[in-house]
Amino acid sequence: MIENLTAFFDRHSAIVAPELLGATVLYDGVGGRIVEVEAYDPSDPASHSFPGPTPRNRVMFGPPARAYVYRSYGIHWCLNFVCGNAGAVLIRALEPTEGLDLMRRRRGFESPEALCSGPGKLCQALGITGEDNGRSLAASPFALTLATGQGPFVTGPRIGISKAVEIPWRFGVAGSRFLSRRFAGNQS
DNA sequence: GAAAGGATCCGCT
DNA sequence: GCGGATCCTTTCA
């Protein structure tokens with residue numbers, strides 16, 4: 001258990017990503033356990049940091065332990081945690097534990113499994129927008145509690161990208177009902 | 001200045 | 001299970 005968030009995130013995204021599984025993320029008191037993530041790094045054609053710094057992705061090239069929030073397909077927001085060396089971990093799914101009422105109100109009274117089972121849905125449920133881009137994960141409104149130990153997890157190819165699909169940098173808690181999509185092969 | 005593409009979600013079949 | 005909606009960012013002329 002690393003107490004310093006900056007030290008925790010200042011490593012390669014593919015190392016940080018699986019260790020985030022089981023951690024608790026709260027935004028203004030609303031959130032839950034992380035059950036699914038994906039890693040991206042600058043040598044990866046599918047990563048936003050691959051082409052180099054731009055006005056949109058400049059946060060990825062800044063200090064670690066910050067939130068990188070960007071708009072996807074013009075309508076959804078996606079939440080990333082910035083790691084060392086211009087890498088990032090995309091938060092894909094949560095198991096909701098805090099603020100269920102508020103999430104249901106924002107999401108239209110869906111079942112718990114559907115509240116945070118996807119990057120765009122997750123941000124809507126927690127109320128995260130582009131205004132949170134670049135904010136520190138160590139200060140309000142964010143509250144991040146790292147897991148004391150990792151349970152079993154599964155890996156697989158990442159979702160929704162057209163380049164470097166063969167890199168298995170998707171990580172999920174084994175057997176969780178809150179994943180955005182099931183993992184091919186061993187899930188139970 | 002203009003055009004193309006994208007780390008997705010929702011509704012319908 | 002599949003296809004459309006929707007708009008911001010980047011790239012090129």
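Letters go in sequence order (proteins before strands), and every chain restarts at 1.
Residue I167(A) contributes atom CD1, which lies 14 Å from atom P of dA7(B) at whole-angstrom precision. For the pair E166(A) CD and dA7(B) P, the computed distance is 15 Å after rounding to whole Å. Rounded to an integer number of Å, the gap from F50(A) CZ to dG6(B) P is 14 Å. Atom OH in Y70(A) sits about 9 Å away from atom C1' in dG6(B), given to the nearest Å. Remark: C1' of dC9(B) and CG of L115(A) are 15 Å apart, rounded to the nearest angstrom.
Atom CZ in R92(A) sits 3.5 Å away from atom OG in S180(A) (nearest 0.5 Å). Taking CG of L144(A) as the reference point, atom OG1 of T24(A) lies at 8.5 Å (rounded to 0.5 Å). Note: L115(A) CG to R104(A) CZ = 6.5 Å, rounded to the nearest 0.5 Å. The distance from atom CD1 of I91(A) to atom CD of E38(A), rounded to the nearest 0.5 Å, is 10.0 Å. To the nearest 0.5 Å, the span separating SG on C78(A) from CG on L90(A) amounts to 6.0 Å. With rounding to the nearest 0.5 Å, the separation of CG in D10(A) from CG in N85(A) is 9.0 Å.
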With a cut-off of 3.5 Å and sequence neighbours excluded, list every side-chain donor-acceptor pair involving residues 49-57 of chain A.
unit_1, atom_1, unit_2, atom_2, d
S49(A), OG, S47(A), OG, 2.9
S49(A), OG, A86(A), O, 3.0
T54(A), OG1, R56(A), N, 3.4
T54(A), OG1, N57(A), N, 3.3
T54(A), OG1, N57(A), OD1, 3.3
T54(A), OG1, N57(A), ND2, 3.4
N57(A), OD1, T54(A), N, 2.7
N57(A), ND2, H48(A), O, 2.8
N57(A), ND2, G52(A), O, 3.1

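For the pair R66(A) and F81(A), the cation-pi test (distance below 6.0 Å, angle within 45°) is failed.
Residue K163(A) is the one, among K163(A) and S180(A), whose nearest nucleotide of DNA chain B lies closer to the 5' end (criterion: closest heavy atom).
Other residues, nucleotides and ligands place no more than 12 heavy atoms under 6.0 Å from the CZ atom of R181(A).
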Q: At under 4.0 Å between heavy atoms, which parts of nucleotides 6-13 of chain C does protein reach? Answer with one letter per nucleotide, 5' to 3': B base, S sugar-phosphate only, - none.
A: BBSSSS--
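At a threshold of 4.0 angstrom between heavy atoms, the contacts of R158(A) with the nucleic acid are absent. Across all strands shown, S47(A) has no heavy atoms under 4.0 Å from either base or sugar-phosphate atoms.
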Polar atom pairs between nucleotides 10-13 of chain B and protein, under 3.5 Å, N or O only, would you list them?
unit_1, atom_1, unit_2, atom_2, d
dC10(B), OP1, R107(A), NH1, 3.2
dC10(B), OP1, R107(A), NH2, 3.2

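Sorted by first then second residue, the ring-ring contact (aromatic ring centres under 6.0 Å, His included) pairs that include residues 133-174 of chain A, not counting sequence neighbours, are H12(A)-W169(A), Y27(A)-F142(A).
Taking only side-chain nitrogens and oxygens, R170(A) never comes nearer than 4.0 Å to OP1 or OP2 of dA7(B).
In secondary-structure terms, DNA chain B builds stems of at least 3 consecutive Watson-Crick or G-U pairs, each pair having both distances under 3.5 Å, at B:1-6 with C:7-12, B:8-12 with C:1-5.
The side chain to side chain donor-acceptor pair (under 3.5 Å) check on R177(A) picks up E113(A), with sequence neighbours excluded.
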